[in-house]
Amino acid sequence: MAPDFYMEIGTEEIPAGYIVPALDWMAVRMSRFLDENRIAHGEPAVAGTPRRLVLNMPGVAEFQQAVRTEVTGPPRSAAYDAQGKPTRAAEGFAKSQGVSIDDLTIKQTPKGEYLCVFREEAGVPARELLEKMLPDFISKIPFPKSMHWSSYSVTFARPIRWIVALFGQEVLQCEYAHVRSGKKSMGHRFMSPVWIEVNDLESHRENLRKNHVILDISERLELIRKGADAAAAGVGGTILADDELLDEVTQLVEFPQPLVGQFEDKYLELPPELLITVIKKHQRYFAIIDGSGALLPYFVTISNVIPRDASVVAAGNARVVRARLEDARFYYREDQKVRLDERVDQLKGVVFHSKIGTSYEKMERFKDLALMLAERAAPERLAEVGRAARLCKADLVSGVVSEFPELQGIMGRTYARLQGEPEAVAQAIYEHYLPSRSGGPIPSGIEGSLLSIADKIDTIAACFGAGMLPTGTTDPFALRRQTLGIIRIVLETPLRISLGEVIDRALALLSGKLTQPAENVKRDITAFFEGRLLNYLAAGDGGFSPDVIDAALCIGIDDLLEAVARTRALARFTARDDFAALATAVKRVANIIKEPSPAGRGSEAEVAPVDESLLTNAAERLLFDELNSTQEAVGILLAQSDYFGALESMARLKPMIDSFFDSVLVMDKDEAVRRNRLALLTRTRALFARVADFRKIQTP
């Protein structure tokens with residue numbers, strides 16, 4: 001039975017967010033290494049705690065798989081003379097391969113008989129390869145930030161204290177950060193600080209449990225979930241569901257122990273979001289709610305040790321929470337003494353970015369954009385949109401948001417309600433930040449939707465205009481997320497707006513801050529939107545193929561709703577049995593035209609009218625007549641956004657296109673006839689190009 005490979009890297013406490021990505025990388029990278037080196041293995045398993053990263057690879061072959069290679073030499077006719085004796089060519093080939101003439105064989109190939117030699121490459125022991133690669137493997141485990149310690153030149157997330165590297169029962173010899181590999185791991189830092197010998201994953205998991213370490217992440221998570229639920233039930237409540245906090249706390253402890261703490265009822269006057277933020281973000285505690293969803297003056301904290309006196313620990317936690325809640329209460333009360341209107345002017349002192357200007361300037365710009373959008377999409381909501389635009393950034397200079405930045409928008413909504421602003425305005429102040437994460441909810445109201453689009457497009461235009469573009473590894477202003485947010489709001493609301501018009505207005509408002517011509521910036525922004533839209537459609541429920549999406553989007557994305565409708569219709573149309581033949585015919589039309597362009601512009605032939613008097617061939621006359629009637633029908637269907645129906649109408653032209661190419665010489669010697677036929681084909685191609693560029697669609 002093939003042995004298991006087990007590795008454990010023991011460290012000081014690793015930050016919670018570092019652990020799972022590191023473990024995922026370890027599993028993928030080790031699997032790839034074994035595959036590349038022809039070493040059979042089973043599926044990797046990972047586990048980890050704040051103090052250890054564990055990788056177990058079952059069933060690792062002890063040797064590389066042997067390789068039999070074949071090297072072809074000169075042809076037999078050149079390798080042997082008429083008497084069958086080896087020539088210099090054969091001798092030279094044998095010498096170059098380190099074999100004798102007798103080891104050469106003859107192989108029949110499509111080109112004839114050739115000399116060849118077969119070589120057997122024995123497999124290297126897997127142990128040797130693993131020992132050689134482990135130090136480099138450890139050094140390359142990725143972390144958001146790594147550190148130096150002592151006088152060592154190497155880095156890691158936190159100082160390394162032990163390394164276990166086993167191949168079966170044998171220790172793999174390696175060293176990193178002056179720590180040599182062995183068979184010993186350590187129990188819980190405080191409750192069982194003893195060395196534990198490792199033999200295999202299963203027995204080690206149980207030995208760690210006995211020494212107050214729960215190795216498996218999923219097991220710790222369930223222990224925390226159930227323990228917190230039970231603790232909350234003890235005070236008549238339930239845990240406020242929070243998967244993000246649950247995942248984080250799971251990576252903060254090795255032996256979870258839930259404890260209940262309490263704070264004074266007076267803090268329940270704080271907005272729920274503020275109270276929860278204090279408990280969650282700053283203390284990593286779970287809030288408790290009653291049956292109606294209202295917060296209770298209790299919390300659950302997850303200790304990493306079994307306390308001698310739980311009440312003492314709970315009281316200490318409560319003191320910490322109380323101090324933070326008192327700060328929040330003070331800021332909340334002070335903030336209410338100044339109306340949001342009065343805070344707006346303070347934004348003039350808040351620099352959004354040195355190249356873009358202040359938050360006040362930004363607000364003025366996207367307010368203009370929001371009002372423009374409202375005039376087209378919801379003119380009856382102009383007043384609310386304008387009011388929300390003016391106030392939506394005012395909470396940035398409030399005391400609570402200064403202390404708890406993650407509450408921007410949330411506190412703005414709260415203060416707006418307290419000051420008697422219309423509910424639509426208050427909700428838009430909060431919702432203009434949405435969606436705040438990938439896949440997150442979009443604004444529910446039209447005011448928030450328009451404001452969110454305006455704010456995001458201003459940021460995108462400003463960053464592109466100032467040359468602050470996202471790269472493959474960095475996107476500090478989250479331009480990709482904001483672009484996708486705009487796309488989602490437009491498509492899911494839905495909203496009929498002109499993307500080009502919005503970009504033009506945004507760039508006009510930024511005219512003094514652009515570092516390059518506005519038309520260049522607009523081109524880049526449009527291409528950026530097209531790329532995000534392509535990804536959105538490829539990854540969405542439709543799962544459209546990239547070539548179909550590209551074919552539909554290259555016609556234009558000014559109206560995002562129409563662009564998506566075209567894509568869906570085209571994807572459905574390409575599933576037809578006769579599509580490949582139609583696409584071939586349309587591509588033939590496009591390829592024969594000089595300098596084709598999807599929009600129907602380019603060469604002189606493309607803009608020239610068709611002269612009916614020159615249509616002497618019956619096939620070209622038939623195509624011309626059918627094209628005229630089809631154009632009229634397609635125009636009506638497109639006006640109704642019936643792209644599938646338009647494609648069906650266009651498809652009826654295929655027999656006429658085939659007949660045209662079978663019967664007509666396009667490049668006629670007569671220049672007038674030739675140009676007229678090119679003009680006819682140009683009109684044909686332009687008709688199909690109203691929906692898609694068929695040249696981009698892959699067909700068998």
Side-chain angles (χ1 to χ4, degrees), residues 15-17 224-225 228 231-232 235 237-252 258-290 292-302 314 316-336 338 340 343 350 391-418 426-427 429-438 440-441 443 448 478:
I224 293 171
R225 188 199 306 275
V235 293
T238 58
I239 292 295
L240 178 65
D242 193 326
D243 290 341
E244 179 186 25
L245 179 59
L246 180 61
D247 288 339
E248 182 180 9
V249 172
T250 299
Q251 307 304 342
L252 291 174
L259 299 171
V260 173
Q262 185 176 8
F263 55 85
E264 290 85 345
D265 289 352
K266 65 181 180 179
Y267 296 117
L268 293 175
E269 74 179 50
L270 296 175
E273 298 90 350
L274 176 54
L275 197 153
I276 292 169
T277 297
V278 172
I279 292 175
K280 170 186 174 180
K281 292 291 186 180
H282 293 273
Q283 304 305 134
R284 274 69 176 179
Y285 298 166
F286 292 91
I288 299 178
I289 57 176
D290 63 18
S292 65
L295 288 168
L296 293 175
Y298 300 97
F299 58 87
V300 172
T301 177
I302 306 300
N317 292 334
R319 281 195 300 272
V320 175
V321 168
R322 187 180 301 114
R324 298 296 295 171
L325 289 174
E326 189 60 36
D327 288 343
R329 186 167 175 249
F330 169 79
Y331 288 123
Y332 178 60
R333 289 185 167 184
E334 288 298 306
D335 284 346
Q336 294 180 61
V338 182
L340 290 177
R343 295 189 183 277
V350 179
L391 299 181
C392 67
K393 300 296 184 183
D395 67 343
L396 294 179
V397 290
S398 67
V400 169
V401 174
S402 296
E403 186 73 8
F404 307 102
E406 59 269 34
L407 292 177
Q408 59 185 358
I410 294 174
M411 296 312 301
R413 176 179 61 185
T414 298
Y415 295 145
R417 286 170 173 168
L418 289 172
Q427 191 66 9
I429 290 173
Y430 162 68
E431 290 190 338
H432 91 281
Y433 286 105
L434 301 181
S436 57
R437 55 181 171 80
S438 178

I need the Y332 OH to L418 CG distance, nearest 0.5 Å. 4.5 Å
Gap between atom CG of L259 and atom OH of Y285 - 0.5 Å precision: 9.5 Å
Atom of K280, atom of E244 and distance for their closest heavy-atom approach: NZ-OE1, 3.1 Å
Rounded to the nearest 0.5 Å, what's the gap from OG on S436 to CD on Q408? Could you check? 10.0 Å
Quick one: salt bridge (charged side-chain N to carboxylate O under 4.0 Å, His left out) partners of D327, sequence neighbours excluded? none
Which heavy atom of P441 sits nearest a heavy atom of L434, and at what distance? O-CB, 3.5 Å
List for me each residue that meets side chain to side chain donor-acceptor pair (under 3.5 Å) alongside Q283, sequence neighbours excluded, and say none if there are none. none
Side chains of Y415 and L391 in contact at under 4.5 Å (non-hydrogen atoms): no
Could you tell me which residues satisfy side chain to side chain donor-acceptor pair (under 3.5 Å) with Q251, sequence neighbours excluded, listed by chain and number? R220
Quiz: residues 393-404 side-chain donor-acceptor pairs under 3.5 angstrom, not counting sequence neighbours:
unit_1	atom_1	unit_2	atom_2	d
K393	NZ	H432	NE2	3.1
K393	NZ	D455	OD2	3.0
D395	OD2	G409	N	2.7
D395	OD2	G412	N	3.0
S398	OG	D395	O	2.6
S398	OG	V401	N	3.4
S402	OG	S398	O	2.8

Rounded distance (nearest 0.5 Å) linking atom OG1 of T414 with atom OH of Y430: 10.5 Å
Pairing residues for A228 by the side-chain contact (heavy atoms from CB on, under 4.5 Å) criterion, not counting sequence neighbours: I239, V300
Taking every non-hydrogen atom, the tightest pair across A416 and I429: CB-CD1, 3.8 Å
Of the non-hydrogen atoms in V249 and R284, which two are nearest, and what is the gap between them? CG2-O, 3.9 Å
Does E269 have more than 12 heavy atoms from other residues, nucleotides or ligands lying within 6.0 Å of its CD? yes
Could you pull out all residues at least two apart from D290 that satisfy side chain to side chain donor-acceptor pair (under 3.5 Å)? S292
Assess whether side chain to side chain contact (heavy atoms under 4.5 Å, CB included) is satisfied between R322 and Q262, documenting all intermediate values. CA-CA 9 Å; R322 187 180 301 114; Q262 185 176 8; over 6 Å; no
Between the CD1 atom in I276 and the CD1 atom in I410, the distance rounded to the nearest 0.5 Å is 9.5 Å
Roughly how far, to the nearest 0.5 Å, is the OH atom of Y331 from the CG atom of L407? 13.5 Å
Identify the two heavy atoms, one from A16 and one from L252, that lie closest to each other, and give their separation to 0.1 Å. CB-CD2, 3.9 Å
Within the 4.5 Å heavy-atom criterion, are N317 and F299 side-chain neighbours or not? yes
SB check R413 E273 (cutoff 4.0 Å): yes
Begin with the C-alpha distance, continue with both residues' side-chain angles, and end with the deciding distance and a verdict on side chain to side chain contact (heavy atoms under 4.5 Å, CB included) for T277 and E406. CA-CA 8 Å; T277 297; E406 59 269 34; 3.1 Å; yes
Minimum-distance pair of heavy atoms, taken over all atoms of L270 and R329: CD2-CA, 3.6 Å
Side-chain heavy atoms of L275 within contact of F263, under 4.5 Å: yes
